[in-house]
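Let me begin by presenting the structure, written as structure tokens, before commenting on it.
Numbers for residues simply follow the sequence, beginning at 1. Quick caveat: nothing in here was measured; it's all calculated off a predicted structure.
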Amino acid sequence: MDRSISILGSTGSIGRQALDVVRAGGWRVAALTAAGNIELLEEQIREFRPALAAVADEKKAETLRIRVADTSTRVLGGAAAVCEAAAAPEASLVLNAVVGIAGLRPTLSAIQAGKTIALANKETLVAGGDLVMARAAEKGVEILPVDSEHSAIFQCLQGSPRKALRKILLTASGGPFFGMKREDLARVRPADALRHPNWSMGAKITIDSATMMNKGLEVIEACHLFGVGPEDIEIVVHRESIVHSAVEFADGAVIAQLGAPDMRLPIQYAMTYPERLPCPGRRLSLVETGKLTFFPPDCDTFTCLSACLAAAGAGGLRPAAANGANEEAVALFLQEKISFLQIGELVAAAAERQPAAPAASLEDILEADRAARAYVRAHVG
């Protein structure tokens, strides 16, 4: 395929797997960005020869600029540089795999530039979904989901009228603590929470899976992507991570998308849509899988999930506050400054204190994010 891509967050888990797809499919790379891992970014620059590379850390950008001076790649530094990479004129597609709220501005930059967006940064829609989707509609920009669950829903809906959709069945692995109660989770340490049973992911999303916050975030994301309300989404814990999600139609038919737990398939589908091409990812054998199991979520134990669902129901700036509080709390947990159970407590409290107001502007969203983070930091200890 003669296509060119900009990958935002190319040194992270999703970014590295996206480059596997690029390598296998012979794509051209227009731009690459990283938060600060310039060693890996240098390797990627030398292999893929992008026109532009951006590093959010300006000092590290200067170091990288010196290290790749023998290449034709232009290196920029700072948050604005990542937005410039998102709007790179050479790219036909932008894959946003930046972690956290930092991905929101680059998404808006890509929309403004009229780029098709493959979205792996769920916080873009969690915190700013109303704004992002409105601007995408104004510019005629297509947003294609990369998360395995949202990709599955997107695939299941192909060829069916959206009005026939009755319910989304959003699957969750349950993380490493499935079946545990709050007294068990009181003793959890970061090393325990980072042991995901099925997926290899970055630290932040792995903790979100352990708290089940990620499923709450995905409910909000699905509402924006597919034009449904939280009441139209049922969360189903599916330990094997083979059914990536399903949809139920008005006539009672349920269509599911199955595959091995390998992110390269949903990444590639977003990159090549509507085409399907051979993929470097793993293949699924139902015989080897044997059985599939399904359970209801435990919202009483996993309070991050219940807090996020409450924010989803409230709408407006509440999801932005819940997301910001979670990002701050997860960082503190990884530093062992708060307990695992405190993550959910802080997320719920920060979201509840956010005044009800529409997410009308980027400034409003970022202020809700800032206030929630400040609340979390003020209540440590």
> Should Asp20 and Arg16 count as an ion pair when the cut-off is N to O under 4.0 Å?
Replying inline: no
> Side chains of Tyr273 and Gln158: is there a donor and an acceptor less than 3.5 Å apart?
Replying inline: yes
> What do the steps show when you test Tyr375 against His379 for ring pair (Phe, Tyr, Trp, His ring centres under 6.0 Å), and what is the final call?
Replying inline: CA-CA 6 Å; Tyr375 177 87; His379 288 79; 3.9 Å; yes
>> If I take atom CD from residue Gln257 and atom OG from residue Ser148, how far apart are they, to the nearest 0.5 angstrom?
In response: 8.0 Å
> If you take all heavy atoms of Ser306 and Cys299, which pair is closest and at what distance?
Replying inline: OG-O, 3.6 Å
> So, Glu90 versus Ser4: side-chain donor-acceptor pair below 3.5 Å or not?
Replying inline: no
>> Regarding Thr289 and Glu240, do their side chains bring together a donor and an acceptor under 3.5 Å, going by distance alone?
In response: no
> Less than 4.5 Å apart, any side-chain heavy atom of Leu334 and any of Leu194?
Replying inline: yes
> Would you say Ile220 and Leu309 make side-chain contact, with heavy atoms under 4.5 Å?
Replying inline: no
> With Glu327, which of Arg370, Arg373, Lys122 fulfils salt bridge (Lys or Arg N to Asp or Glu O under 4.0 Å)?
Replying inline: Arg373
>> I'd like to check Trp27 versus Arg3 (side-chain heavy atoms, cut-off strictly below 4.5 Å). Are they in contact?
In response: yes
> Will you find, in the side chains of Asp369 and Asn323, an N or O donor that is under 3.5 Å from an N or O acceptor?
Replying inline: no
>> Within the 4.5 Å heavy-atom criterion, are Leu95 and Leu93 side-chain neighbours or not?
In response: no
